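The next block holds one structure in the form of structure tokens; read it before the comments.
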Amino acid sequence: MSDLRLGVCYYPEQWPESMWQADARRMREMGIEQVRIAEFAWSRMEPSPGQYDWGWLDRAVETLAGAGLKIVMCTPTATPPKWLIDAHPQILAVGADGRTRAFGSRRHYDFSSPEYFEAAGEISRRVAERYGQHPAVSAWQIDNEFGCHLTVLSYSQHAVQRFRQWLAKRYGTVKALNEAWGTVFWSMEYRTFDEIDAPIGTVTEAHPAHRLDYRRFASDEVVRFGRMQVDIIRERSPGRAVVHNFMQLFSEFDHYALAAHLDAATWDSYPLGGLEEAWFDAETKARWLRTGHPDYASFNHDLYRGMSRQPFWVMEQQPGPVNWAPWNPAPLPGMVRTWSWEAFAHGAGTVSYFRWRQAPFAQEQMHAGLNTPDDQIDLGGHEARQVADEIALLPATLAQPRGTVALVFDYASKWLFDIHPQGADFNYMRFAFEYYSALRSVGLDVDIVPQDAPLDGYRLIVVPSLAVVSEAFASRLAQSDAQFVFGPRSGSKTESLSIPSNLPPGALAASMPLRVWRVESMRPNATLDVNYHGKPGTARHWREFVDLPADASVLSTYPDGGAAMIRHRNLLYLASLFDEATTRAVMHDAARAAGLAVEQLDDGVRLARRAGLTFVFNYGESSYAVPPDATLVFGDGQVGPQQVSVFRPAASRVELNQDAASVAAS
Ligand code: GAL
């Protein structure tokens, strides 16, 4: 038995019972070992208040277990049923426009509603009591995609009341709050916590510190709600992993804080839908239309691996076209396999496809499954089968990957810069991704970590930006001899979203004695020419005006002579955001300075190392030659478009098992 396993998401309540047995058998035939069920089934578990119907779910569990499948049971709290909403209309969340959200889709609840906290706890207890000890139940998923459809923030009366309590706890006195926020500006001073409302509906922008604290509060509410379910399940289902399925590049709450309570972080991977919905320009979207961007899924893998106690999973893997993006192209043949292997290469324990069969009804009827609605195996299903066969060619146990570079990713920085973008396209997520992508394009393995993670062992630490640099981070940095790269706006704010008294980079100035005395943002078509080691490039979006110490070296300047890239000892500070080629050259040189081996890869080719194996992925159109003295485990020596190969580099050559050798020879 391998450490790597395939799973699938299945909805027995959506199909006639007469189909279940054949479905279960065919899952096994496809090489699937695990099935996730019941996350949207509340109206069938409890058709009316207090009247539970477990018969159908008992039979579904027995059928799946009988076929030898492991079951990931879910709490159904993403979809409170109609009778519950009618009994307690205050469960419904309230949008920033002040309007109450309606029943009729999903995720309509307010994290701060005491009635919902109670009801969600009760149904979680019931499911956990019913199935917690079942031998086939191997793991639990709580709820489904916290925050999906932008549902973290709610502005209900319940939320506002809890926000006031949260503020009182954080500040102690309202005087302290007034001082921290700076409410004297525009006569916004409060006399009691009860005077403070949600930061919406104001004539022009609400106070930024007020908005930031509302986001911190809302994030804490998600964690509190998730934790309640985790505790209920742990007590009733010992020995099973409790997980949640996070979303791709989603930052509306602090995922590190919730993951700390879970056994494993899992996430839902939709590379084509994600590309369509993200910030990429039209040319980039067209280029990677049917493959996804080569760094999109892996950014998420590396992020969730870092916060997961056990190996992370992909809970939902895109199997074909989805239905929810503005355009929904079909993946090129080979991409479902490529995405699956990429997840395993980056450390996933499980890759689970969404969904077993395309549903011919309701909201997602245009979303592919592993099977078509008339029950024929779809292209994704055939590729899943191939992955299952290939898993058998790898050693049964694979150690977790470990990156040589740490990239510090910080949810609060995203919130701060969303509140104070200063330029319409200043998007922290995008810039973090661009730095990551540059590192990956020179063949580096990256760990994405929070600012309080141990940084020992990394030779290169890249900080796309860290809005608030804590004294603790600054002092660890001062003691480190690793190479650091900091992006603009690092140390530019205090905890309460003010400018630090010494000006940016705030606490970072202890190691990087700069003074950023002015900034400007620039329209997309207004860029500044720069030059980096003789190569022309552009500074985009953002420019800082910097005073620097005499012993700093300037690696690149703006046309007016101002410093655009500054090196001081082991720190490099980037006072702008640069074009792709320049960013790549900067990361390449930083890695060299750190003593790391780099390799210039063709666009679209990516490498990942795990357990002494190198995985090659080709999202592009060229081909990659596996080193001739390497030992192929599977795939070809010339890795063509949409192909995957796995090899063992010569230095650590070991005897392959028979199967692997015969595949390599074929
Ligand atoms: C996910 C969600 C699933 C399904 C899927 C469709 O966001 O968890 O329930 O809606 O998207 O791609």
Side-chain angles (χ1 to χ4, degrees), residues 7-15 34-44 72-81 104-109 139-152 222 226 229 243-253 255 258 262 264-278 292 296-297 300 304 312-331 335-336 339-340 343 350-373 378 380-381 384:
V8 73
C9 306
Y10 184 56
Y11 300 89
E13 70 278 16
Q14 297 176 10
W15 305 102
Q34 165 182 307
V35 55
R36 182 192 72 174
I37 58 171
E39 79 274 21
F40 301 126
W42 194 336
S43 68
R44 288 289 170 95
V72 181
M73 186 60 81
C74 301
T75 62
T77 50
T79 46
S105 66
R106 63 177 173 183
R107 298 221 59 80
H108 35 284
Y109 70 83
W140 287 84
Q141 174 184 302
I142 56 163
D143 204 286
N144 189 76
E145 291 191 341
F146 284 139
C148 183
H149 316 304
L150 290 181
T151 49
V152 169
V222 174
Q229 295 198 18
V243 311
H244 175 70
N245 56 335
F246 294 111
M247 286 188 288
Q248 49 196 15
L249 297 195
F250 185 72
S251 55
E252 295 295 297
F253 65 95
H255 290 38
L258 180 60
L262 302 171
T266 81
W267 75 281
D268 296 344
S269 178
Y270 294 94
L272 302 193
L275 176 83
E276 276 295 331
E277 286 203 329
Y296 188 86
N300 292 279
Y304 291 120
F312 80 93
W313 315 357
V314 170
M315 184 65 92
E316 299 180 11
Q317 174 62 64
Q318 177 166 355
V322 301
N323 65 302
W324 43 262
W327 285 274
N328 295 292
M335 283 318 295
V336 171
W339 295 328
S340 307
T350 297
V351 172
S352 168
Y353 299 95
F354 181 90
R355 48 188 278 152
W356 172 246
R357 184 169 38 241
Q358 181 173 351
F361 59 95
Q363 277 92 331
E364 294 180 349
Q365 55 187 275
M366 303 301 287
H367 191 300
L370 295 180
N371 294 275
T372 53
D378 202 340

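What you are looking at is a predicted structure, and each value in this text was computed from that prediction instead of being measured. One-based numbering, in listed order, for ligands and for the atoms of each.
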Salt-bridge contact Arg107-Glu145 (side-chain N to carboxylate O under 4.0 Å): no
4.0 Å heavy-atom contact, Arg106 with ligand 1: yes
Please state whether the rings of Tyr11 and Phe40 are parallel, tilted or perpendicular, taking 30° and 60° as the class boundaries. parallel
Need the ligand 1 atom indices (1-based, order shown) with element for anything under 4.0 Å from a heavy-atom of Asp268. 8 (O)
Element-labelled atoms of ligand 1 that are located less than 4.0 Å from some non-hydrogen atom of Glu364: 4 (C), 6 (C), 10 (O)
Proximity to ligand 1 by part of Gln318, non-hydrogen separation under 4.0 Å: neither
For ligand 1, which atoms sit closer than 4.0 Å to a heavy atom of Glu145? 1 (C), 2 (C), 7 (O), 8 (O)
Using a strict 4.0 Å cut-off to heavy atoms of His367, name the atoms of ligand 1 that fall inside it. 6 (C), 12 (O)
What atoms of ligand 1 come closer than 4.0 angstrom to any heavy atom of Phe354? 3 (C), 4 (C), 5 (C), 6 (C), 9 (O)
Which is it for Asn323 and ligand 1 at heavy atoms under 4.0 Å: side chain, backbone, both or neither? neither
Please check if any side-chain donor atom of Asn144 sits under 3.5 Å from a side-chain acceptor atom of Asn245, or the reverse. yes
Would you call the rings of Phe246 and Tyr304 parallel, tilted or perpendicular, where under 30° means parallel and over 60° means perpendicular? parallel
Side chain, backbone, both or neither: which part of Glu316 has a heavy atom under 4.0 Å from ligand 1? side chain
Mode of Met247 contact toward ligand 1 - side chain, backbone, both, neither (heavy atoms, under 4.0 Å): neither
